[in-house]
Structures are given as C-alpha cells and as structure tokens.
**Q** 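Before I ask anything, let me first share the structure, which is written out below as structure tokens.
Just so it is clear, the model here is predicted, and its values are computed rather than measured.
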Amino acid sequence: MNTIDVETLRTWLEEGRPVTVLDIRPMHERAEWAVPESIHIEAYDALKTHDPGALAHLALPEGIPVVTVCAAGKTSLIAAELLQARGIQACSLDGGMKAWSLAWNVAEVPVAGASVHVFQVRRTGKGCLSYLLGAKDEAIVIDAALDPQVYLDLASTRGWQITSVLDTHIHADHLSRSRQLAERSGATLFLPAQQRVSFPFTAIRDGDTLATGTILLTALHTPGHTPESACYLLNNHLLFTGDTLFPTGIGRPDLEADELQAQVRASALYHSLHKLLALPSETLVLPGHTSTPVPFDGVPIAATLAEIDEKVGIIHEPRDQFVQMILQRIPPTPPNYERIVRLNEMGLLPESGVTDLEAGANRCAIS
Ligand SMILES: [Fe+2]
C-alpha cells in the first residue's frame, strides 16, 4: 500500500490509532495549515530531486506506521518510498493537504439535563465548525460545511431524522452544503431573511423560534459580519454565533463592502455584540469557524460569554473607537471569496474543484 485516503487517516486519528503523520512541505506552507499532531521535516527540496539521503536523519518512533503529507500527494510519495526502503511501514496521503481540507472530526457539547444532544462537527482541514442538534428522533443542522452524507450518517446512527437545516449567514470562505443537505434529507432550509440568494428557502427573522421535540431555537438578528447574519440560541443556554462572535475575536465587517459600508457594518456589529453580551454570562458561545487545525480531542471549541467578555477587549471600547480599531485590523481577504459568495447565493456546489476554490485558511475573524 503506497497511499492512504483522507477518510482512512481521519478514522485512524479519530480512533486514536498510533500513526506518525510526517509533513514534508516547506515550513511556510505548513504554517498556513497542518494535520493535527503531525511532525515536520525540512526536506522538500531534497525529496523533489530524489536525493536518497533526504530523510536519512529522520528519527521515527519504532513500529508505528508513517503517513507522509505534502500539498497534493506527489512529493509525499517519494518520501513514503524512501521510508519503505528503510523497512518502515509508510504510505502517502492521497491528494495531500488539498484533499485533507475535507477531513473532519466530532466533539459532543455538554448540555445540562441532556434532553438535547449537540455535536460540533469540525472540518479540521479548514476550520469550519458546523453543528448537529438532536432530540428524540429529530435533528437540526447549523452551517453544514461538509458532504451532506456526513450529517446524514451522524444523524441516522443516533436514530435522528434531520428536519431543519439552517445557516447563520451567506458564507464567504467555504461553500455552504445546507441547500444540498436539505434536499437530501427532506428537511426545511432556513436562512436569515435577505434578498441575496436566488433559490427557495424559509426566511428566519429576529425573535423567530423553531421548536422540535425538546429543542427550542431562537433567532437573533446580529448584523455586522454580513447584513443578514444571525445567531441561534438553543434552550436559552447555547449560542451558535456563526462569524459574529468567536471565543477570541469578532467577525470582520468588510467582505463585499466598500469603505463606507464596512464602517456602517462595523457599527452594526458593535450593537449586535452588545445585544449578545446582554444574554446570561454563562451562555456558551459556539462559533462558525476556527483559525487553527482542529485536534482529534473531542473537546468542543467554545467559550462562555463571560470568558469572551474578559478576553476580547475591543468589545468594551466606545462605539466610534471600536469601529476605528476594527477597520485597522482587517486581515487579508479569504482566497476566492467573491466566487464562493456568488456560488452560495446561487446555492450551487460545483462537481469538481471544490477544494481548490476553498483553499486556504478561514479568514472571517478579527482578534
Ligand atoms: Fe463568514
């Protein structure tokens, strides 16, 4: 076996099987994104020239299989063959980091009373966080960012039928899979009220509620990151914030906006954030993205409003100062975001080239 596919490696990591993931990319590429707990060797140029001594000084734990990783799965094959020649069980990650973009893992979010089960479904290869909420025989999915089959399988193993699918906003750094998931599952597709998308959906407005079994989801309109952005409050305890509020930062207000529009949005974001901070301080915030690879540790990425209140100092600035500061801290735009926004507005998922389009880390947050 010379190669391993993403699904197999992701399953090994989820099951905690011993494996050494060896990243052979140049350091600047690794700095952008990596496989959790992978190790690195600076040998890319030597491998490219088929230098037989490229990995000669690499010390590896004995008896543990090695998976070599590069950007697209070609140079990593050379690395795997060199290791095999040393008698080491090694294979190359098929498709490399580009394919790894679709790898995911799950963490259960503890819920008091446990009448509802909440799972954070994390696209570790890109940092998109989606949610599966289930009670009795029904389930809701928020911000689906992976193949619909992933959510369908997770729900069916628990005996749940997905009946509602929601997005927090029109995404700019990944293709939403919500429309496709709703079609596959027969669920109702809910989106925040807006005139941007050109396919049928049920509009959700500030204060609207969605009740299924023991789930009560309340929508809060929180414009700023985008004009339509919404947060969803589950049973007055968990808050799904999309890209409005993160454990260590806030949403960027500038995508698809000129300078003046960005200022107006930043000002709206200020009010939205204070609306959220007025909720009970023990409310647990579950964001839509993270900016680092998600470990296979089963620990949800979350923080209470109290923790965020303490950590994210910019929230406490006066409004004008807040607007000024946020506009000074805008990070580079996500690659291909204009094309991604157009596709999300049309509800289209291209049949090929998805991972090329979605390449790069998420950049929806300002910290
Ligand atoms: Fe976003």
Side-chain angles (χ1 to χ4, degrees), residues 108-121 129-144 151 155 160-171 176 178 181-182 185 187-194 197 201-247 250-251 268-289 300-309 315:
E108 182 159 11
V109 181
V111 183
S115 54
V116 184
H117 290 275
V118 176
F119 293 91
Q120 186 176 59
V121 186
L129 307 176
S130 51
Y131 297 91
L132 173 70
L133 293 49
K136 291 188 182 150
D137 53 0
E138 284 185 79
I140 294 173
V141 174
I142 299 175
D143 283 338
Y151 305 98
W160 298 335
Q161 167 81 33
I162 298 170
T163 53
S164 303
V165 172
L166 297 85
D167 271 352
T168 51
H169 64 293
I170 312 302
H171 293 278
S176 169
S178 291
L181 176 59
S185 60
T188 307
L189 173 64
F190 294 94
L191 298 178
Q194 34 69 38
V197 309
F201 66 95
T202 302
I204 198 153
R205 294 182 171 79
D206 191 52
D208 281 357
T209 56
L210 183 64
T212 80
T214 49
I215 295 175
L216 176 66
L217 214 52
T218 308
L220 301 163
H221 183 216
T222 49
H225 172 59
T226 63
E228 77 286 349
S229 278
C231 296
Y232 302 117
L233 184 61
L234 170 66
N235 297 351
N236 294 316
H237 177 56
L238 302 183
L239 184 64
F240 303 94
T241 53
D243 290 347
T244 296
L245 181 61
F246 302 92
I250 57 178
L269 182 62
Y270 179 85
H271 292 291
S272 295
L273 293 172
H274 283 271
K275 178 172 168 175
L276 297 181
L277 287 174
L279 294 169
S281 61
E282 65 274 17
T283 306
L284 193 67
V285 167
L286 294 156
H289 286 111
I301 293 165
T304 63
L305 279 175
E307 287 165 336
I308 295 174
D309 195 33
I315 298 175

**Q** How far apart are the closest heavy atoms of Val141 and Ala144, and which atoms are they?
**A** CG1-CB, 4.0 Å
**Q** Does anything in residues 161-170 form a salt bridge (charged side-chain N to carboxylate O under 4.0 Å, His left out)? List the pairs, not counting sequence neighbours.
**A** none
**Q** Among pairs that include at least one residue of residues 209-232, which meet ring-ring contact (aromatic ring centres under 6.0 Å, His included), considering only residues two or more places apart or in two chains?
**A**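 Of all non-adjacent pairs touching residues 209-232, those that pass ring-ring contact (aromatic ring centres under 6.0 Å, His included) are His169-His225.
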**Q** In the structure I gave you, are the side-chain heavy atoms of Phe246 and Leu129 within less than 4.5 Å of one another anywhere?
**A** no
**Q** So do Leu286 and Thr241 actually touch side chain to side chain, heavy atoms under 4.5 Å?
**A**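 Thr241 vs Leu286: side chains apart.
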**Q** According to side-chain contact (heavy atoms from CB on, under 4.5 Å), who are the partners of Glu108, at least two apart in sequence or on a separate chain?
**A** His117, Phe119
**Q** Who passes side-chain contact (heavy atoms from CB on, under 4.5 Å) against Asp137, sequence neighbours left out?
**A** none
**Q** Does a side-chain heavy-atom distance below 4.5 Å link Leu191 with Leu166?
**A**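 Heavy-atom side-chain distance check fails, nothing below 4.5 Å.
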**Q** Is there side-chain contact between Phe240 and Leu133, with at least one heavy-atom pair below 4.5 Å?
**A**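 Phe240 reaches Leu133 side chain to side chain.
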**Q** So do Thr168 and Thr244 actually touch side chain to side chain, heavy atoms under 4.5 Å?
**A**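 Result no, sub-4.5 Å side-chain heavy-atom pair not found.
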**Q** Measure the shortest side-chain to side-chain distance between Leu279 and Leu220 over non-hydrogen atoms and say whether it is less than 4.5 angstrom.
**A**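 Yes - at least one pair of side-chain heavy atoms lies under 4.5 Å apart.
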**Q** What are the two closest heavy atoms between Ser272 and Pro223, and how far apart are they?
**A** OG-O, 2.6 Å
**Q** How far apart are the closest heavy atoms of Ala135 and Val116, and which atoms are they?
**A**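 Scanning both residues, the minimum pair turns out to be CB-CA, 4.4 Å.
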**Q** Could you walk me through whether Asp243 and His171 pass side chain to side chain donor-acceptor pair (under 3.5 Å), step by step?
**A** CA-CA 9 Å; Asp243 290 347; His171 293 278; 4.5 Å; no
**Q** Can you name the residues that form a side chain to side chain donor-acceptor pair (under 3.5 Å) with Tyr131, not counting sequence neighbours?
**A**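 Checked Tyr131 against side chain to side chain donor-acceptor pair (under 3.5 Å); matches are Gln120.
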**Q** Can you name the residues that form a side chain to side chain donor-acceptor pair (under 3.5 Å) with Ser185, not counting sequence neighbours?
**A**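 Result, side chain to side chain donor-acceptor pair (under 3.5 Å) vs Ser185: none returned.
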**Q** Could you give the distance from CG (Leu132) to CD1 (Ile162), rounded to the nearest 0.5 Å?
**A**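 The CG atom of Leu132 sits 6.0 Å away from the CD1 atom of Ile162.
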**Q** List the residues meeting salt bridge (Lys or Arg N to Asp or Glu O under 4.0 Å) with Asp206, not counting sequence neighbours, and say none if there are none.
**A**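 Partners of Asp206 under the salt bridge (Lys or Arg N to Asp or Glu O under 4.0 Å) test: Lys275.
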**Q** Would you please name every residue forming a ring-ring contact (aromatic ring centres under 6.0 Å, His included) with His237, sequence neighbours left out?
**A** none
**Q** Restricting to pairs with a member in residues 219-237, which pass salt bridge (charged side-chain N to carboxylate O under 4.0 Å, His left out), not counting sequence neighbours?
**A** Arg196-Glu228
**Q** State, with a plain yes or no, whether a side-chain heavy atom of Val165 is found less than 4.5 Å away from one of Thr188.
**A**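 No; the side chains remain at least 4.5 Å from each other.
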**Q** Do you know the tightest heavy-atom contact between Ser164 and Ala187?
**A**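 In this case the closest contact between Ser164 and Ala187 is N-CB, 3.6 Å.
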**Q** Report yes if the side chains of Leu238 and Val118 come closer than 4.5 Å at any heavy-atom pair, otherwise no.
**A**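 They are in side-chain contact.
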**Q** Could you walk me through whether Leu305 and Leu245 pass the side chain to side chain contact (heavy atoms under 4.5 Å, CB included) check?
**A** CA-CA 10 Å; Leu305 279 175; Leu245 181 61; 3.9 Å; yes
**Q** Locate the shortest heavy-atom distance separating Pro110 from Pro300; write the atom from each residue and the value.
**A**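 Minimum heavy-atom contact is CD-CG, 4.2 Å.
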**Q** What side-chain donor-acceptor pairs closer than 3.5 Å can you find for residues 208-219, not counting sequence neighbours?
**A**
residue	atom	partner	partner atom	Å
Asp208	OD2	Arg205	N	2.8
Thr214	OG1	Ser115	O	3.3

**Q** Output all residues satisfying side chain to side chain donor-acceptor pair (under 3.5 Å) with Ser130, sequence neighbours left out; order by chain, then residue number.
**A**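 Once residues adjacent in sequence are excluded, the partners of Ser130 under the side chain to side chain donor-acceptor pair (under 3.5 Å) criterion are Tyr151.
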**Q** Hey, what do you get for CD1 (Ile308) to CD1 (Ile250), rounding to the nearest 0.5 Å?
**A** 11.5 Å
**Q** Ignoring hydrogens, what is the shortest heavy-atom contact between Cys231 and Leu239? Give both atom names and the distance.
**A**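 Heavy atoms of Cys231 and Leu239 come nearest at CB-CD1, 4.0 Å.
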**Q** Apply side chain to side chain contact (heavy atoms under 4.5 Å, CB included) to the pair Leu276 and Thr222, showing each step before the final yes or no.
**A** CA-CA 8 Å; Leu276 297 181; Thr222 49; 3.9 Å; yes
**Q** What's the spacing between Leu269 CG and Thr226 OG1 if we round to 0.5 Å?
**A** 10.0 Å
**Q** Please identify each residue that fulfils side chain to side chain donor-acceptor pair (under 3.5 Å) with Glu307, with sequence neighbours left out.
**A** Thr304
